[in-house]
Protein chains: 2
Amino acid sequence: MRKKTIEDYAELVYDLQKEKEKVHTNDVAAALNINPASVTEIFQKLSEEGYINYEKYIGATLTEKGKRIAKKTRKRHDTLTKFLLLLGIDEKTADEDACEMEHILHKDTMDAVIKFVEVVNQCKVTPFWLERLKKYVQTGKLDKCPDELVKICIDHSKKTKLKN
Amino acid sequence: MRKKTIEDYAELVYDLQKEKEKVHTNDVAAALNINPASVTEIFQKLSEEGYINYEKYIGATLTEKGKRIAKKTRKRHDTLTKFLLLLGIDEKTADEDACEMEHILHKDTMDAVIKFVEVVNQCKVTPFWLERLKKYVQTGKLDKCPDELVKICIDHSKKTKLKN
DNA sequence: AATAATTTTTAGGTATGCCTAAATTGTATT
DNA sequence: AATACAATTTAGGCATACCTAAAAATTATT
């Protein structure tokens with residue numbers, strides 16, 4: 001697996017802190033399947049950089065700075081997961097890819113994804129086009145687009161062209 | 001920037017080979033803004049692993065194995081770029097994010113993206129929903145969904161519900 | 001409260017992907 | 001063909017993100 005970033009650790013400590021006040025190196029080690037000794041080093045670094053308050057043998061808590069980055073990363077993660085689920089990806093794959101994407105996408109791209117999810121959620125029912133795509137992704141079968149829908153798109157396209 | 005992967009190098013050598021038969025360490029070094037000495041090491045590794053034929057001081061060419069991975073990666077890259085452009089992301093950002101995403105996405109996710117682009121390309125005109133989303137991404141303005149379109153979605157949703 | 005068991009840290013090691021400086025090879029010029 | 005210049009490789013170094021084994025601190029048991 002990819003090397004973990006500060007964001008990964010902040011996000012994880014954030015989650016673990018919901019269960020227990022102080023997060024121990026062992027908790028993180030178990031969650032990420034790495035050696036506790038490695039987490040000690042990581043905690044020392046995160047502490048130096050002001051993301052966590054860390055007392056050895058006692059555990060770590062997020063600082064305000066750490067909480068900020070953790071929340072931001074978790075929100076990105078959740079939005080990306082939702083986005084991929086909308087496209088018809090299965091839960092596990094969506095979650096894993098979201099975890100990768102959350103670190104690399106430009107703000108503009110992330111914002112577009114947020115808006116994508118927002119627009120779809122605003123709809124009373126799942127939009128036809130999305131159902132159609134999802135079915136295609138999941139079954140390989142692509143339904144024909146209803147004529148009246150094609151008409152709406154063409155009409156709309158003409159209208160906007162006239163404006164310009 | 002992120003550490004480059006074998007896929008990155010294969011893709012790059014593939015592109016450079018269009019200009020000249022043998023790709024020199026310097027060509028890659030210049031393209032990636034890294035030290036030629038580093039490229040020598042990379043070429044040695046790629047050669048050991050069978051992605052390139054490499055003769056020192058002479059240059060490198062892709063093997064069949066290398067060509068295969070290069071083409072695959074380039075195709076992914078292009079599809080991802082198109083996908084992001086459809087969402088309203090600008091060219092530079094789309095290209096950069098595509099370059100990151102191409103290495104990390106699961107096959108299922110990549111396939112969904114391919115299908116997304118395919119479905120949109122099949123349309124006679126850019127679908128209304130996509131125009132609407134794109135405008136929202138680029139300007140922040142979200143148009144109202146026409147009533148007849150909402151109706152189509154609701155009707156369709158009822159129909160599919162009945163079937164199940 | 002002493003000792004055993006567990007958790008955590010320290011110390012030291014490995015692999016990787018980059019670097020610089022120096023040595024080597026190839027190319028161009030006379 | 002000899003020499004100068006450019007391109008390339010070799011050798012050695014650095015930082016990072018992990019590791020293992022041993023030492024130290026904490027916690028549990030009697």
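Residue numbering restarts at 1 for every chain, and letters A, B, ... go by the order of the sequence lines.
- Atom C1' of nucleotide dT16(C) and atom CD of Glu49(B) are separated by 12 Å, given to the nearest angstrom.
- Taking the charged nitrogens against the carboxylate oxygens, Glu48(A) and Lys45(A) have no contact shorter than 4.0 Å, which rules out a salt bridge.
- The side chain of Ala37(B) has dT20(C) as its nearest neighbour among dT9(C), dC19(D), dT20(C).
- Within 4.0 Å of Ile42(B), counting heavy atoms only, lie sugar-phosphate atoms of the nucleic acid but no base atom.
- For the pair Gln44(A) and dT9(C), the criterion of a side-chain N or O lying under 4.0 Å from OP1 or OP2 is not met.
- Proximity note for Tyr57(B) (side chain, C-beta onward) versus dG12(C), dT8(C), dT25(C): the nearest is dT25(C).
- We find that CG of Leu46(A) is positioned 14 Å from P of dT16(D), with the value rounded to whole Å.
- Taking side-chain N and O atoms only, His24(A) has a distance below 4.0 Å to OP1 or OP2 of dT8(C).
- Taking atom CD1 of Ile34(A) as the reference point, atom P of dT7(C) lies 17 Å away to the nearest angstrom.
- Ranking dT8(D), dT9(C), dC19(C) by closeness to the Asn35(B) side chain, first place goes to dC19(C).
- dT10(C) atom P lies 14 Å from atom CZ of Phe43(A), rounded to whole Å.
- OP1 or OP2 of dT10(C) has at least one side-chain nitrogen or oxygen of Lys56(A) nearer than 4.0 Å.
- Checking the phosphate oxygens (OP1, OP2) of dT7(C), no side-chain nitrogen or oxygen of Thr25(A) falls inside 4.0 Å.
- Counting any heavy atom pair closer than 4.0 Å across all strands shown, Thr40(A) reaches a base atom.
- Residue-level contact check: Ser38(A) touches the bases, meaning some heavy atom is under 4.0 Å from a base atom.
- Using a 4.0 Å cut-off, no side-chain N or O of Lys3(B) falls inside it from OP1 or OP2 of dA17(D).
- Classification of Lys92(A) and Glu96(A) as a salt-bridged pair holds, one side-chain N sitting under 4.0 Å from a carboxylate O.
- Put simply, CG on Asp8(B) is 17 Å from P on dT16(C), counting in whole angstrom units.
- Across all strands shown, Asn26(A) has heavy atoms under 4.0 Å from sugar-phosphate atoms exclusively, and none from any base.
- Rounded to whole Å, the distance from OH on Tyr9(A) to P on dT16(D) is 14 Å.
- Between Glu64(B) and Lys67(B) there is a salt bridge, with a side-chain nitrogen of the basic residue lying less than 4.0 Å from a carboxylate oxygen of the acidic one.
- Atoms CZ (Arg2(B)) and P (dG17(C)) sit 12 Å apart, rounded to a whole Å.
- Below 30°, between 30° and 60°, or above 60°: for Phe116(A) and Trp129(A) the angle between ring planes is above 60°, a perpendicular geometry.
- Contact check on Asp78(B) versus Arg74(B) returns a salt bridge, with a Lys/Arg side-chain nitrogen under 4.0 Å from an Asp/Glu carboxylate oxygen.
- Residue Glu41(A) contributes atom CD, which lies 9 Å from atom C1' of dC19(D) at whole-angstrom precision.
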